[in-house]
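Data block below; observations after.
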2 protein chains.
Amino acid sequence: MKNTPDLSAQIAKSIRDAIVSGDLPVDERLPSEAELSEQFNVCRSTVREALKRLAAQSLIRTQRGATGGAFVNHLTFEDAYGQQITTSALLLSMNTVDFDTACEARFALERACAPLSAKRRSADHLATMRAEITRQAQPGLSDESFCASDVAFHRALVDGAGNPVLSYQLAGAVEAIEPLMNMITFTARSRTHIVGLHTAIADALEAQNASDVDTLLADLAGYTAALGKSVADAKKPAT
Amino acid sequence: MKNTPDLSAQIAKSIRDAIVSGDLPVDERLPSEAELSEQFNVCRSTVREALKRLAAQSLIRTQRGATGGAFVNHLTFEDAYGQQITTSALLLSMNTVDFDTACEARFALERACAPLSAKRRSADHLATMRAEITRQAQPGLSDESFCASDVAFHRALVDGAGNPVLSYQLAGAVEAIEPLMNMITFTARSRTHIVGLHTAIADALEAQNASDVDTLLADLAGYTAALGKSVADAKKPAT
DNA sequence: GAATCGTCAATTGTCTGACATTTGATCTTC
DNA sequence: GAAGATCAAATGTCAGACAATTGACGATTC
């Protein structure tokens with residue numbers, strides 16, 4: 001039960017700490033692999049494994065050529081979105097988080113940014129939401145496309161809050177649930193109901209009526225949970 | 001402007017897709033490095049770099065020895081916390097986000113889970129909060145320790161909601177702000193005020209009074225923002 | 001003088017082969 | 001049957017080489 005991590009993990013941690021602490025500023029060039037291997041007294045391939053670990057976390061980027069090397073990466077929200085969403089999706093799929101819990105979290109977070117969105121939403125956000133509502137009302141739409149459009153609608157709502165941190169945090173919560181939602185078959189009746197709620201939400205946001213938005217989101221949360229429950233019930237009795 | 005990613009990145013993506021899609025189930029053993037290098041027609045070190053990338057994302061774990069190898073990792077909430085927090089902290093520290101935005105996001109999310117926490121908080125959560133409040137009232141406490149205790153207090157509040165997805169999502173928002181908060185010097189007067197609000201919040205949670213909790217959190221949010229503003233103002237005029 | 005082209009050197013990416021280390025499985029011995 | 005010795009498979013590390021890329025620098029040409 002030796003608990004000594006690999007050399008490449010130690011080196012990665014050493015460099016990562018330097019980056020996170022701000023010791024290595026953004027766009028700073030790290031020493032070349034050859035220099036690092038001398039500094040840490042290991043061979044180059046070990047250094048490379050450490051660097052690949054950091055690259056996988058978007059902490060550094062590498063560039064070939066004479067003036068190339070490894071540079072401290074400027075972490076963008078886009079970079080972070082991807083990791084956040086895959087991690088969240090994996091967490092949900094691997095941890096048998098039930099539909100109720102995931103939905104509860106999602107709508108709790110969404111209601112948190114609803115007041116801000118009611119205050120700040122731009123015409124652009126409203127237009128996106130209206131467009132998605134129109135798509136959701138089309139009859140031939142597959143369940144997967146309906147869910148994707150649902151996610152896009154809610155993303156627009158969240159983005160309307162104009163707070164990139166909120167958008168980033170909620171990207172995981174909203175998008176990670178898509179696979180779970182895809183397991184639900186949306187009947188024509190349920191789609192109509194959801195589209196109705198979406199329209200009402202868009203109307204309330206346009207009117208900047210925060211309390212109405214909150215009430216409607218609560219309705220939608222309850223309805224979604226009920227849908228999920230009915231699907232679960234339909235599966236259970238088969239045993 | 002060749003846009004072909006490295007071989008190790010391609011291989012990592014290939015395996016990652018297989019894991020995320022569920023094609024490789026949890027605890028499944030991957031082929032050995034030698035076998036993978038044959039399958040992908042690359043040398044072993046290239047395969048190893050790919051595996052290290054996946055290990056950095058906690059997607060696989062490796063084990064040495066005869067029955068060892070790379071196994072698809074069961075991603076736990078604990079594992080995800082770490083990545084989430086470092087990523088969020090980096091996003092904030094890279095100056096793309098100002099203190100106001102971060103605080104707004106943090107308290108918006110926190111208020112989202114306050115009603116749930118008021119309903120479900122256990123005696124254990126309350127005890128943790130009381131203990132942190134006691135610590136925060138101690139006179140000799142450093143600013144860093146005060147902030148750390150503040151984070152622990154709010155973590156207990158969030159955990160009280162009893163929803164692991166919420167806890168996971170908010171871990172980033174709450175803990176990532178700690179470095180920013182550490183830049184604030186807390187006077188004795190501001191500490192007293194904050195401890196007072198914390199006590200009132202704990203009282204309201206104990207009484208399961210959700211609306212009071214919400215009001216108090218709003219107060220705390222406003223006060224924290226004001227503190228941050230005063231610090232920023234104190235710095236600006238120096239130029 | 002300016003633009004174009006070639007060369008060069010530094011750096012990362014990949015390959016090959018070897019050895020060290022770990023660890024469960026298996027065999028041996030009592 | 002239990003304890004220890006041995007083995008084999010796998011990852012971890014090392015050493016050295018070559019390929020590929022790319023900016024810098026100089027040479028050539030108009």
Side-chain angles (χ1 to χ4, degrees), chain A residues 1-16 18-19 24-74 79, chain B residues 1-16 18-19 24-74 79:
Chain A
M1 193 63 179
K2 282 255 185 79
N3 214 3
T4 54
D6 300 336
L7 282 181
S8 68
Q10 292 179 40
I11 294 171
K13 174 169 168 35
S14 170
I15 300 176
R16 175 164 39 237
I19 294 176
L24 290 172
V26 171
D27 288 338
E28 176 88 353
R29 204 198 113 165
L30 300 184
S32 72
E33 295 174 353
E35 288 172 310
L36 286 174
S37 67
E38 273 193 16
Q39 284 183 26
F40 288 103
N41 218 26
V42 297
C43 77
R44 208 185 128 209
S45 51
T46 303
V47 167
R48 280 184 62 77
E49 288 180 9
L51 292 181
K52 292 314 154 206
R53 294 177 121 106
L54 299 177
Q57 297 179 300
S58 304
L59 289 179
I60 62 171
R61 64 181 183 279
T62 54
Q63 202 175 357
R64 292 169 75 162
T67 61
F71 298 84
V72 178
N73 203 15
H74 180 109
D79 289 336
Chain B
M1 195 61 178
K2 284 255 187 79
N3 214 2
T4 54
D6 300 336
L7 282 180
S8 67
Q10 292 179 40
I11 294 171
K13 174 169 170 32
S14 169
I15 300 177
R16 175 164 40 237
I19 294 176
L24 289 172
V26 171
D27 289 337
E28 176 89 352
R29 203 197 113 164
L30 300 184
S32 72
E33 295 174 354
E35 288 171 309
L36 285 174
S37 68
E38 273 193 17
Q39 284 183 28
F40 288 102
N41 218 27
V42 297
C43 76
R44 206 184 129 211
S45 51
T46 303
V47 168
R48 282 183 61 77
E49 288 179 10
L51 293 181
K52 293 313 155 206
R53 293 177 122 107
L54 300 177
Q57 298 179 300
S58 305
L59 288 178
I60 62 171
R61 63 180 184 281
T62 54
Q63 201 174 358
R64 292 170 74 162
T67 61
F71 299 84
V72 177
N73 204 15
H74 180 109
D79 289 336

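By convention in this document, chain letters (A, B, ...) are assigned in the order of the sequence lines, proteins followed by strands, and residues within each chain are numbered from 1.
Each of D:dT13, D:dT11, D:dA9 was ranked by its minimum atom distance to the side chain of B:Ala66; first place goes to D:dA9. When distances run from any side-chain atom of A:Gln63 to the nucleotides D:dT13, C:dT14, D:dG23, the shortest one goes to D:dG23.
Note: CG (B:Leu7) to P (D:dA19) measures 16 Å, nearest angstrom. Between B:Glu33 atom CD and C:dT22 atom C1' the separation is 14 Å, expressed in whole Å. If you take NZ of A:Lys52 and C1' of D:dG12, they are 18 Å apart, rounded to a whole angstrom. Rounded to an integer number of Å, the gap from A:Leu51 CG to C:dT12 P is 8 Å. Summarising the geometry, the separation between CG on B:Asp6 and P on D:dT21 is reported as 11 Å, rounded to the nearest angstrom.
At a cut-off of 3.5 angstrom, the base of C:dT21 holds at least one donor-acceptor pair with the side chain of B:Arg64.
Put simply, the residue from A:Ile11, A:Thr46, A:Val47 that forms a side chain to side chain contact (heavy atoms under 4.5 Å, CB included) with A:Ser37 is A:Val47.
Remark: side-chain polar atoms of A:Asn73 are not paired, donor with acceptor, to backbone N or O of A:Arg61 under 3.5 angstrom.
The environment of CD in B:Glu28 is crowded: more than 12 heavy-atom neighbours from other residues, nucleotides or ligands sit within 6.0 Å. Residue B:Glu38 qualifies as open at atom CD: its count of foreign heavy atoms under 6.0 Å is 12 or below.
Between the CG atom of B:Leu24 and the CG atom of B:Leu59 there is a distance of 11.0 Å, given to the nearest 0.5 Å. Atoms CZ and OG1, on B:Arg48 and B:Thr62 in that order, are 8.0 Å from each other to the nearest 0.5 Å. The CD atom of A:Glu49 sits 8.0 Å away from the SG atom of A:Cys43 when rounded to the nearest 0.5 Å.
At C:dA10, none of the side-chain N or O atoms of A:Ser32 fall inside 4.0 Å of OP1 or OP2 (strictly under the cut-off).
The residue B:Arg61 sits apart from the nucleic acid: no heavy atom pair falls under 4.0 Å.
For DNA chain D, the residues of residues 67-74 of chain A within the heavy-atom distance limit of 4.0 Å (strictly under) are A:Thr67, sorted by number. Residues from residues 38-50 of chain B lying near DNA chain D, meaning a heavy-atom separation below 4.0 Å, are B:Arg44, B:Arg48 in numerical order.
A:Gln57 is listed as a side-chain neighbour of A:Arg16, based on a closest heavy-atom distance under 4.5 Å.
Looking at every heavy atom in both residues, A:Ile60 comes nearest to A:Ala70 through CD1-CB, 4.2 Å.
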